[in-house]
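Below is one structure, written out as structure tokens; comments come after it.
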There are 2 protein chains.
Amino acid sequence: MSNDKIGDKRHLRSAVTRQKLLEAAREVFLDDGFQKATISQMIKKANIGYGTAYVHFEGKEDLLCVLMENVMAQFYEIAEISFFPKSKDEAEQIIKKQTHDFLKMAEAERNMMQIFEQAIGVSSVISDKWKAIREKFIHRISMDIAYSQQNGLARAELNYEIVARGWFFTNEMYLWEIVRNEHHRSVEEIANTITSLYTTGLYL
Amino acid sequence: MSNDKIGDKRHLRSAVTRQKLLEAAREVFLDDGFQKATISQMIKKANIGYGTAYVHFEGKEDLLCVLMENVMAQFYEIAEISFFPKSKDEAEQIIKKQTHDFLKMAEAERNMMQIFEQAIGVSSVISDKWKAIREKFIHRISMDIAYSQQNGLARAELNYEIVARGWFFTNEMYLWEIVRNEHHRSVEEIANTITSLYTTGLYL
DNA sequence: AATGAATATGACATGGCGTCAATATTATTA
DNA sequence: TAATAATATTGACGCCATGTCATATTCATT
């Protein structure tokens with residue numbers, strides 16, 4: 001009675017096919033970019049039939065979504081760092097580290113992130129995935145600012161949501177610059193500078 | 001001897017065809033977005049032959065480029081506002097106005113800007129056009145910061161180029177939010193808040 | 001061994017793109 | 001005016017990618 005779905009030879013075959021396709025897709029995406037990558041290339045590389053791709057995935061976008069899950073998860077982790085500073089300096093330390101980690105992700109996952117960026121412009125599914133990450137960060141930053149304001153650390157006259165968005169936007173755009181290899185300064189210098197500007201502007 | 005190119009009946013016919021196509025293209029773009037818009041739709045609307053489109057333009061991208069020229073020019077104008085403040089307060093005034101004008105552009109030209117944003121993700125030609133505008137702004141802001149630092153108005157320990165990019169990124173992302181109608185605060189409130197944060201962070 | 005369920009396949013219909021040889025229109029020349 | 005040259009327009013054609021579906025194959029159960 002071992003028909004537990006796994007161990008089942010059929011499901012195993014299915015899983016293997018799926019995995020072969022995913023790996024082939026990754027290679028094709030990295031070689032040709034999101035737009036030029038085609039299903040045909042992937043199924044050839046994976047040695048499976050054309051229609052098979054559509055059995056396992058809804059199309060290129062879906063394939064990339066699955067390939068990005070790992071990276072997505074890392075972003076969510078960074079967004080969840082706790083934040084209860086007791087002084088302006090401590091706040092700056094925490095924020096600097098978070099910014100640094102965030103930008104380092106861009107470097108570490110540059111290749112897949114490049115594909116991701118291309119896809120954001122084309123696919124609403126992918127675009128929504130990124131938007132969710134952005135909102136997660138912005139919400140988190142909003143809470144952090146509100147906390148700081150309540151504890152008399154930050155300027156209370158500024159609308160915390162507007163500030164949070166603006167701050168994240170700076171981070172995000174630098175992220176994409178790093179992904180595209182268009183940054184001319186080190187990640188460390190960027191993180192230090194923008195954090196200093198931000199905390200000086202916001203904290204008392 | 002009036003073969004001055006204009007007045008010439010052939011050139012006139014050509015110009016009319018071109019114009020018909022441009023107007024049709026604008027409608028199709030606005031109705032269907034950049035990606036779904038097709039040359040076929042446009043030439044039908046313009047009542048011209050398929051190949052004719054490729055006589056006048058290189059393709060969808062080229063068509064949109066021409067349609068955006070007007071908006072582009074307006075951005076370049078905003079980027080060229082002069083900046084020689086004598087105090088922190090004066091600097092804040094000028095910057096606030098520039099940010100405000102910049103974001104107001106997003107509201108005024110929202111429809112075409114939406115198409116533009118979609119195209120940036122797909123077309124390298126369009127993407128380069130926007131990058132040029134971005135670099136123009138960033139260069140201008142860099143000069144402004146350097147001026148302020150030299151005159152003892154701004155914190156000299158910050159790298160002005162990194163700060164300039166970061167500041168423009170905040171502006172740019174808010175621009176796209178406004179374009180997408182995803183902003184929940186007024187342009188005025190956004191401009192005031194981010195400018196206040198920025199000038200407090202940068203100026204002495 | 002037979003039956004049915006899960007999985008895989010590739011031919012097909014659809015639709016957009018960009019090209020090009022052919023056609024139509026306008027200007028110039030004899 | 002007629003012939004010729006230059007310019008402008010046209011749509012059929014070849015190419016390629018997509019997503020679907022009827023068919024074939026593989027595996028589990030009886």
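Within every chain, numbering begins at 1; the chains are lettered A, B, ... in the order of the sequence lines, protein sequences first and strands thereafter.
With sequence neighbours left out, B:Glu69 forms a salt bridge (charged side-chain N to carboxylate O under 4.0 Å, His left out) with no residue at all. Residues that satisfy the side-chain hydrogen bond (donor to acceptor under 3.5 Å, both in side chains) test with A:Ser123, not counting sequence neighbours, are A:Glu61. Under the side-chain hydrogen bond (donor to acceptor under 3.5 Å, both in side chains) criterion, A:Lys44 pairs with no residue at all, not counting sequence neighbours.
Candidate nucleotides C:dA6, D:dT20, D:dA8 were compared by shortest atom distance to the side chain of A:Tyr54, and D:dT20 ranks first. Each of C:dC17, D:dT9, D:dC27 was ranked by its minimum atom distance to the side chain of A:Arg10; first place goes to D:dC27. Nearest to the side chain of B:Arg13, among C:dA8, D:dA28, D:dA8, sits D:dA8.
B:Phe57 has its CZ atom 15 Å from the P atom of C:dC17, to the nearest Å. If you take NZ of A:Lys20 and C1' of C:dA8, they are 11 Å apart, rounded to a whole angstrom. In this structure, CG of B:Asp8 is placed 11 Å from C1' of D:dA8, rounded to the nearest angstrom. Rounded to an integer number of Å, the gap from A:Lys9 NZ to D:dT25 P is 17 Å. Taking atom CG of A:Leu12 as the reference point, atom C1' of D:dT26 lies 13 Å away to the nearest angstrom. Rounding to whole angstrom units, CD of residue B:Glu61 and C1' of C:dC17 are separated by 12 Å. A:Leu63 has its CG atom 11 Å from the P atom of D:dT18, to the nearest Å.
Between B:Phe34 and B:Phe29, the two ring planes are parallel [angle under 30°; tilted spans 30° to 60°].
For the pair A:Thr200 (side chain) and B:Gly201 (backbone), a donor-acceptor distance under 3.5 Å is absent.
OP1 or OP2 of D:dA8 lies within a sub-4.0 Å distance of a side-chain N or O belonging to B:His11. Side-chain N/O atoms of A:His56 include none lying less than 4.0 angstrom from OP1 or OP2 on C:dT7.
Taking the six-membered ring for Trp and the full ring otherwise, B:Trp130 and B:Trp176 have centroids separated by under 6.0 Å.
For DNA chain C, the neighbouring residues in residues 22-42 of chain B, judged by any heavy atom under 4.0 Å, are B:Thr38, B:Ile39.
For the ring pair (Phe, Tyr, Trp, His ring centres under 6.0 Å) condition, the pairs that include at least one residue of residues 92-112 of chain B, sequence neighbours left out, are B:Phe75-B:Phe102, B:Phe102-B:Phe137, B:Phe102-B:Phe168.
No side-chain donor from either of A:Thr193 and B:Asn159 sits under 3.5 Å from a side-chain acceptor of the other.
A salt bridge links B:Lys104 and B:Glu188; the closest N-O separation between the charged side-chain nitrogens and carboxylate oxygens is under 4.0 Å.
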* **Base-contact (B) and sugar-phosphate-only (S) positions in nucleotides 10-15 of chain D, heavy-atom cut-off under 4.0 Å, - elsewhere** => BBB---

